[in-house]
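Have a look at the structure below before the remarks.
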Amino acid sequence: MATKRFTDPWLRGLKASAEGSRMEWLDEAETGLVVSINAKRRVTFWLIGRFPKPEGKASNPSRRVLGDFRPDDPKDRVFIVKSGVPALTLDRARQKAREWKAAIAQGIDPGAPATEAIASATAPDTVSAIFDEYLKRHVKKEGRKDARGNPIPPLRSASEIERIFDRYILADLEGAERWRNRPIASITRREVTALLDTIEDRHGAAQADAVLAQLSSMFNWHAARDGDFISPIVRGMKRSRPSERKRKRVLSDFEIGVLWRACEGQGTFGALCRMALLTGQRREKITQMRWEDVSDDGLWTIPAEDREKGNAEYLRLSPHALKIIRALPRVGDKPYVFQGRLTGPINGFSKAKAELDAAMAVAAGGVMIEPWVLHDLRRTAKTLMIRAGVSPHDSERVLGHVIPGVEGVYDRHAYLSEKTAALRKLASLIGRIVEPRPNVVPMRKTGR
């Protein structure tokens with residue numbers, strides 16, 4: 001095993017190992033501390049030591065998991081953290097390793113699975129135990145089937161729900177225990193308020209409200225199953241109003257031109273941004289696009305997900321959009337058009353977006369570009385369609401919004417030709433914006 005003096009930048013720069021393998025290093029600064037990385041880029045801290053054994057058994061060197069790596073920068077979410085495993089910064093991992101070694105010296109095994117099993121058995125109503133059941137039955141729908149006998153898919157937000165609980169609720173922001181082993185009935189309203197105050201101070205009101213929503217959902221789910229439990233969450237605990245969080249950002253013509261030019265050198269992510277502007281679809285729909293979903297003549301079939309409110313269903317892509325797709329490489333037998341480095345579609349949007357912002361700053365030639373997010377491209381596409389003469393009636397169907405009222409119930413027309421025309425008008429307008437032609441007609445010479 002190679003040795004290395006661990007640093008936060010070095011850990012953040014680790015590349016995923018080959019499929020089916022794992023790479024490991026031993027820390028030069030803390031004896032027994034090991035870090036490993038697997039093919040999914042999960043970075044894990046381990047402690048190697050002679051953990052105490054029951055009487056009569058030899059104490060051979062073994063290893064135990066300390067936790068998964070979490071960068072010092074909370075905005076860096078590139079790494080995978082397994083549910084139920086503490087997320088540790090490097091400093092916290094070294095501190096935990098020292099604490100465990102001190103316990104081992106006193107004959108205590110701090111990481112014994114048996115100890116965890118006993119704690120779980122004696123406290124079945126801990127927050128951790130209730131969350132595991134909530135995750136299994138409500139979020140991931142394990143073993144549940146619909147009326148036709150088909151498995152019910154998990155909630156689309158399953159991974160985000162796990163992240164929120166692991167990062168803010170089960171453990172604190174430094175990775176230490178918070179409510180993991182607390183009886184759920186012991187959580188008070190005052191403690192929930194204090195938790196939300198901490199999150200709001202560090203990460204803003206929107207993140208505090210996101211944590212509140214997930215915590216409230218689990219509490220209500222448990223209350224429906226346990227008549228003695230009363231949720232400590234009441235109305236009025238939100239930190240912001242949804243109307244105040246609504247974004248209104250629309251890219252100007254100049255910004256669209258800068259974005260288009262900057263996307264040229266940004267590979268798959270640049271192509272994804274252009275596709276978002278040309279179709280007005282959500283990021284998730286574009287990243288999940290498979291080669292089999294797009295026909296030779298450009299008909300894109302957009303699969304509907306369980307409990308999805310709205311979906312464009314079918315879009316015939318404009319020649320501009322088809323050109324972008326056909327320029328992307330097809331990687332072996334991998335299914336996604338916007339393919340990632342591993343088996344799934346493109347991810348790691350934070351880093352790619354930062355690189356695109358830097359390229360836009362260069363392309364803008366010193367002009368300041370206001371901050372924007374990928375979803376702003378969807379709002380920009382809607383605005384451009386109206387400007388290009390597309391009716392609000394048709395542009396809403398391009399975006400896949402739910403049509404309200406009686407019209408949405410009784411009008412079952414597919415609107416494929418109307419959506420096709422709308423996308424062509426949108427592409428034509430974007431083309432004129434990114435490649436403006438001089439509006440000057442040369443004077444014809446006369447014979448005089």
Side-chain angles (χ1 to χ4, degrees), residues 8 12 67-79 81 83-92 126-128 130-131 134-135 138-139 155-223 229-249 283 349-351 353-354 357 370-376 379:
D8 190 74
R12 283 190 281 113
D68 287 341
F69 170 59
R70 177 178 67 80
D72 285 330
D73 184 1
K75 296 179 181 179
D76 191 338
R77 299 175 184 168
V78 175
F79 297 92
V81 178
S83 175
V85 176
L88 308 175
T89 61
L90 174 57
D91 289 341
R92 175 57 188 154
T126 61
V127 175
S128 178
I130 297 301
F131 173 66
Y134 169 76
L135 187 69
H138 177 73
V139 178
L155 299 180
R156 286 184 292 168
S157 56
S159 60
E160 177 64 8
I161 292 172
E162 286 191 79
R163 187 192 72 83
I164 285 176
F165 271 87
D166 287 339
R167 181 169 171 78
Y168 299 108
I169 299 170
L170 300 179
D172 64 22
L173 298 178
E174 281 69 42
E177 301 298 308
R178 173 172 266 143
W179 293 353
R180 187 183 303 278
N181 297 317
R182 287 278 303 277
I184 193 169
S186 71
I187 306 299
T188 65
R189 189 173 303 160
R190 184 185 297 274
E191 288 178 302
V192 174
T193 301
L195 170 64
L196 298 178
D197 287 342
T198 300
I199 297 172
E200 183 178 15
D201 291 343
R202 296 191 184 188
H203 302 286
Q207 184 62 65
D209 285 348
V211 173
L212 175 65
Q214 298 306 329
L215 195 56
S216 177
S217 179
M218 186 189 74
F219 282 159
N220 291 337
W221 178 85
H222 182 57
F229 176 74
I230 299 176
S231 173
I233 295 176
V234 295
R235 294 183 62 182
M237 297 182 76
K238 285 187 175 182
R239 304 308 169 99
S240 64
R241 297 178 182 178
S243 59
E244 295 173 349
R245 297 200 303 268
K246 287 183 178 178
R247 290 182 60 85
K248 301 177 181 179
R249 179 83 162 93
R283 184 188 76 183
F349 295 102
S350 298
K351 182 179 179 181
K353 175 62 165 54
D357 286 340
E370 292 183 18
W372 62 280
V373 298
L374 285 178
H375 196 76
D376 294 336
R379 190 179 302 105

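When a residue number appears, it is its place in the shown sequence, counting from 1. Note that the coordinates shown come from a computational prediction; the quantities given were computed from them, not determined experimentally.
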Worksheet item: Would Val139 and Phe131 satisfy side chain to side chain contact (heavy atoms under 4.5 Å, CB included), going step by step from the backbone distance to the final call?
Response: CA-CA 10 Å; Val139 178; Phe131 173 66; 5.9 Å; no
[X] side chain to [Y] backbone, donor-acceptor under 3.5 Å:
{"X": "Asp209", "Y": "Ser240", "answer": "yes"}
{"X": "Asp376", "Y": "Val373", "answer": "yes"}
{"X": "Arg189", "Y": "Val234", "answer": "no"}
{"X": "Arg239", "Y": "Met237", "answer": "yes"}
{"X": "Glu191", "Y": "Thr188", "answer": "yes"}
{"X": "Arg92", "Y": "Arg70", "answer": "no"}
{"X": "Lys353", "Y": "Trp372", "answer": "yes"}
{"X": "Arg182", "Y": "Val127", "answer": "no"}

Worksheet item: Heavy atoms, side chains only, cut-off 4.5 Å: are Met218 and Ile169 in contact?
Response: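 With C-beta onward as the side chain, the pair stays apart.
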What is the minimum heavy-atom distance between [X] and [Y], and which atoms define it?
{"X": "Ala171", "Y": "Arg180", "value": "CB-NH2, 4.1 Å"}
{"X": "Asn181", "Y": "Thr126", "value": "O-CG2, 3.6 Å"}
{"X": "Val192", "Y": "Pro232", "value": "CG2-CG, 4.2 Å"}
{"X": "Ile184", "Y": "Phe229", "value": "O-CE1, 3.7 Å"}

Practice prompt. Please identify each residue that fulfils ring-ring contact (aromatic ring centres under 6.0 Å, His included) with Tyr134, with sequence neighbours left out.
Written response: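 Only His138, Trp221 meet the ring-ring contact (aromatic ring centres under 6.0 Å, His included) criterion with Tyr134.
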Let me confirm one number: the [atom1]-[atom2] distance from [X] to [Y], rounded to the nearest 0.5 Å.
{"X": "Arg379", "Y": "Lys248", "atom1": "CZ", "atom2": "NZ", "answer": "10.0 Å"}
{"X": "Thr89", "Y": "Asp8", "atom1": "OG1", "atom2": "CG", "answer": "8.0 Å"}
{"X": "Leu215", "Y": "Ile187", "atom1": "CG", "atom2": "CD1", "answer": "8.5 Å"}
{"X": "Ile199", "Y": "Ile164", "atom1": "CD1", "atom2": "CD1", "answer": "8.5 Å"}
{"X": "Asp201", "Y": "Leu196", "atom1": "CG", "atom2": "CG", "answer": "10.5 Å"}
{"X": "Gln207", "Y": "Arg167", "atom1": "CD", "atom2": "CZ", "answer": "8.0 Å"}

Discussion item. The test is side chain to side chain contact (heavy atoms under 4.5 Å, CB included); show your working for Tyr168 and Gln214 and say whether it passes.
Written reply: CA-CA 11 Å; Tyr168 299 108; Gln214 298 306 329; over 6 Å; no
